[in-house]
Amino acid sequence: MNEQVQPAGGPLFNPLSPDFIRDPYPHYERLRTLDPIHVTPFGQFVASRHADVSLVMRDKRFGKDFVERTMRRYGPDIMKEPVFRSMGHWMLQADPPDHTRLRGLVVKAFTARRVEDMRPRIQEIVDQTIDAVIDRGHMDLIEDFAFRLPVTIICEMLGIPEDHREVFYKSSRDGGRLLDPVPMTPEEIAKGNAANMMAQMYFQQLFELRRRSPGDDLTTQLVQAEEDGNKLSNEELTANIILLFGAGHETTVNLIGNGLLALHRNPDQLALLKSRPDLMVNAIEEFLRYDSSVQMTGRVALEEIDDLGGKKIPKGETVLCLLGSANHDPAVYPDHPDRLDITRPNVRPVSFGGGIHFCLGAQLARIEAEVAIATLLRRLPDLRIDDVENPQWRPTFVLRGLKQLPASW
């Protein structure tokens, strides 16, 4: 065992340990310093520097290769498990030409123009959410506030009828474990299968509804593409609606929650933003950089890579790109990268990924967070988070967010 790779402080990369989940950034600093292309006990390569992460996300010599990668990790029978078979159809896990075809079917719903046109509706939902709790004097910023906005928006975009939505507001948020780089236990896979089957059953009913009464929504668009035969199979349709629903709210909930926690942990920045609302757009970029709601994305070497940060990557091996670490790399952010600074110039976080898999909903997430946080600061100026020191983080690594964040005013 390489002495440098296992320093005295324990393993360099143990992403599900409570200490790592509470605060991954000191661990990233050790990785960048001691072993910037680190090999995990599971044989994956971990890239922690901004330059390497950016290269891997954009270089055509890397792809997703989901089925092979998953079989290497779990054995040849894993693709019989419904949750992995469904993930195998996600555009997020697809390589061209499938990726190009699938993304082409939904990209029009996320153009800058269409998303900007949603701003008044986003404002309306945020105001209604605050109206519902303002007289109580307290709320959970995650469940009562951050969660409702993106879930409502993605339900509207997908054409999920209003009287069906209560179940989505109450649905559990433990799907994130699927994305973590530590293999799942049989119990976790069984739980994932059960949740996936429930989602499939619901969306099959929604497809029937939209075949009978088409609407101006993404589900109708995709159902019509499925009927077109050569564009989308039924399995692809179901899997990608499930993906759009999850991706359409999970990361935004965490962006709002992590951003609010960061502000309240840095009262000087909170006071500055209240006095200068014009800084909000830059503040959102800084929240994305400072504590990204997505900490990692993965790629597979489609050919042998001679040199990635000084290491040779054999064909077929996985490279985990630590987005949260790249966002704190002093090579790109030389001025105290571990400090929250809403006036920081040239903030370009890699939190939405890069290359052909750059997040479709990036602009929508930014606008939702911008409206949500700005409105909260304006309407509840004396809001305090009950415990900024020891918040409860969700036990997942890739999707970084809080279980709850009680606050009062």
Side-chain angles (χ1 to χ4, degrees), residues 64 66-67 79 82-115 117-118 121-122 125 149-171 175 178 192-252 356-365 368:
K64 288 289 186 169
F66 178 75
V67 175
M79 296 315 287
V83 69
F84 284 102
R85 200 165 63 236
S86 176
M87 280 174 82
H89 292 294
W90 287 2
M91 69 185 94
L92 179 67
Q93 302 289 8
D95 290 310
D98 282 343
H99 174 267
T100 317
R101 172 176 59 86
L102 292 167
R103 190 167 169 123
L105 292 172
V106 297
V107 70
K108 287 191 286 294
F110 292 94
T111 60
R113 169 85 193 277
R114 281 194 82 155
V115 169
D117 287 347
M118 291 159 71
R121 177 64 185 132
I122 292 169
I125 296 165
L149 167 66
V151 171
T152 304
I153 290 289
I154 197 65
C155 283
E156 288 181 358
M157 289 180 82
L158 292 175
I160 293 171
E162 215 166 316
D163 53 348
H164 293 189
R165 288 182 200 161
E166 204 48 44
V167 64
F168 289 102
Y169 295 131
K170 299 217 173 352
S171 65
L178 274 171
N193 285 338
N196 182 263
M197 296 306 278
M198 290 289 287
Q200 287 202 34
M201 278 161 57
Y202 174 75
F203 285 115
Q204 294 292 342
Q205 292 171 338
L206 183 64
F207 302 153
E208 287 312 310
L209 179 68
R210 287 296 163 244
R211 285 190 182 99
R212 289 196 309 273
S213 54
D216 178 23
D217 56 64
L218 258 173
T219 303
T220 301
Q221 256 178 283
L222 292 175
V223 163
Q224 288 165 353
E226 183 220 5
E227 286 167 352
D228 202 3
N230 58 355
K231 289 189 182 168
L232 199 64
S233 71
N234 185 266
E235 264 198 296
E236 287 176 326
L237 169 63
T238 314
N240 281 290
I241 290 278
I242 291 172
L243 168 68
L244 285 166
F245 178 76
H249 76 281
E250 269 290 357
T251 50
T252 310
I356 61 169
H357 290 283
F358 183 80
C359 174
L360 261 177
Q363 199 48 27
L364 176 59
E368 287 181 339

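What you are looking at is a predicted structure, and each value in this text was computed from that prediction instead of being measured.
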Option passing side chain to side chain contact (heavy atoms under 4.5 Å, CB included) with T238 (candidates N234, I241, N240): N234
Locate the shortest heavy-atom distance separating Q93 from K64; write the atom from each residue and the value. O-CB, 3.2 Å
Does a side-chain heavy-atom distance below 4.5 Å link I122 with L364? yes
Correct closest heavy-atom pair for F110 and M157 would be CE2-CE, 3.7 Å
Closest heavy-atom pair and its distance - A239, S86: CB-O, 3.3 Å
Just by distance, with hydrogens left out, do Q224 and D228 show a side-chain donor and acceptor under 3.5 Å apart? no
Answer whether the closest heavy-atom distance between the side chains of Y202 and I160 falls below 4.5 Å. yes
Kindly indicate whether the side chain of V67, heavy atoms from C-beta on, has any atom under 4.5 Å from the side chain of M79. yes
Evaluate the side-chain contact (heavy atoms from CB on, under 4.5 Å) criterion for residues R165 and V151: first the C-alpha distance (whole Å), next the side-chain angles of each, then the deciding distance (0.1 Å), finally the verdict. CA-CA 9 Å; R165 288 182 200 161; V151 171; over 6 Å; no
Please report the interatomic distance CG(L237) to CD(Q204), rounded to the nearest 0.5 Å. 7.5 Å
Which value, rounded to the nearest 0.5 Å, describes the distance between M91 atom CE and L243 atom CG? 5.5 Å
Identify the two heavy atoms, one from E208 and one from R211, that lie closest to each other, and give their separation to 0.1 Å. OE2-NH1, 2.8 Å
Rounding to 0.5 Å, atoms CG (L218) and CZ (R210) come to a distance of 11.5 Å
May I ask you to decide whether R101 forms a salt bridge with E236, counting only side-chain N to carboxylate O separations under 4.0 Å? yes
Could you check if a side-chain atom of I153 sits within less than 4.5 angstrom of a side-chain atom of T252, using non-hydrogen atoms only? no
So N196 and I242, do their side chains get closer than 4.5 Å, heavy atoms only? yes
The test is side-chain contact (heavy atoms from CB on, under 4.5 Å); show your working for F245 and F203 and say whether it passes. CA-CA 11 Å; F245 178 76; F203 285 115; 4.2 Å; yes
What's the spacing between H357 NE2 and D95 CG if we round to 0.5 Å? 6.0 Å
Might you point out which heavy atoms bring H99 and A94 nearest each other, and give the distance in Å? CB-O, 3.5 Å
Which atom names give the shortest non-hydrogen contact between T251 and A247, and what distance separates them? OG1-O, 3.4 Å
Which residues pass the salt bridge (charged side-chain N to carboxylate O under 4.0 Å, His left out) test with D117, sequence neighbours left out? R113
So CD1 of I154 and CG of L149: to nearest 0.5 Å the spacing works out to 11.5 Å
Step by step, work out the side-chain contact (heavy atoms from CB on, under 4.5 Å) result for R121 and E156. CA-CA 10 Å; R121 177 64 185 132; E156 288 181 358; 2.5 Å; yes
Please check if the side chain of S213 supplies one atom and the backbone of L209 the other of a donor-acceptor pair under 3.5 Å. yes
Ring centroid separation for F168 and H249, is it under 6.0 angstrom? no
Report the distance from atom NZ of K231 to atom CG of L102, rounding to the nearest 0.5 Å. 12.0 Å
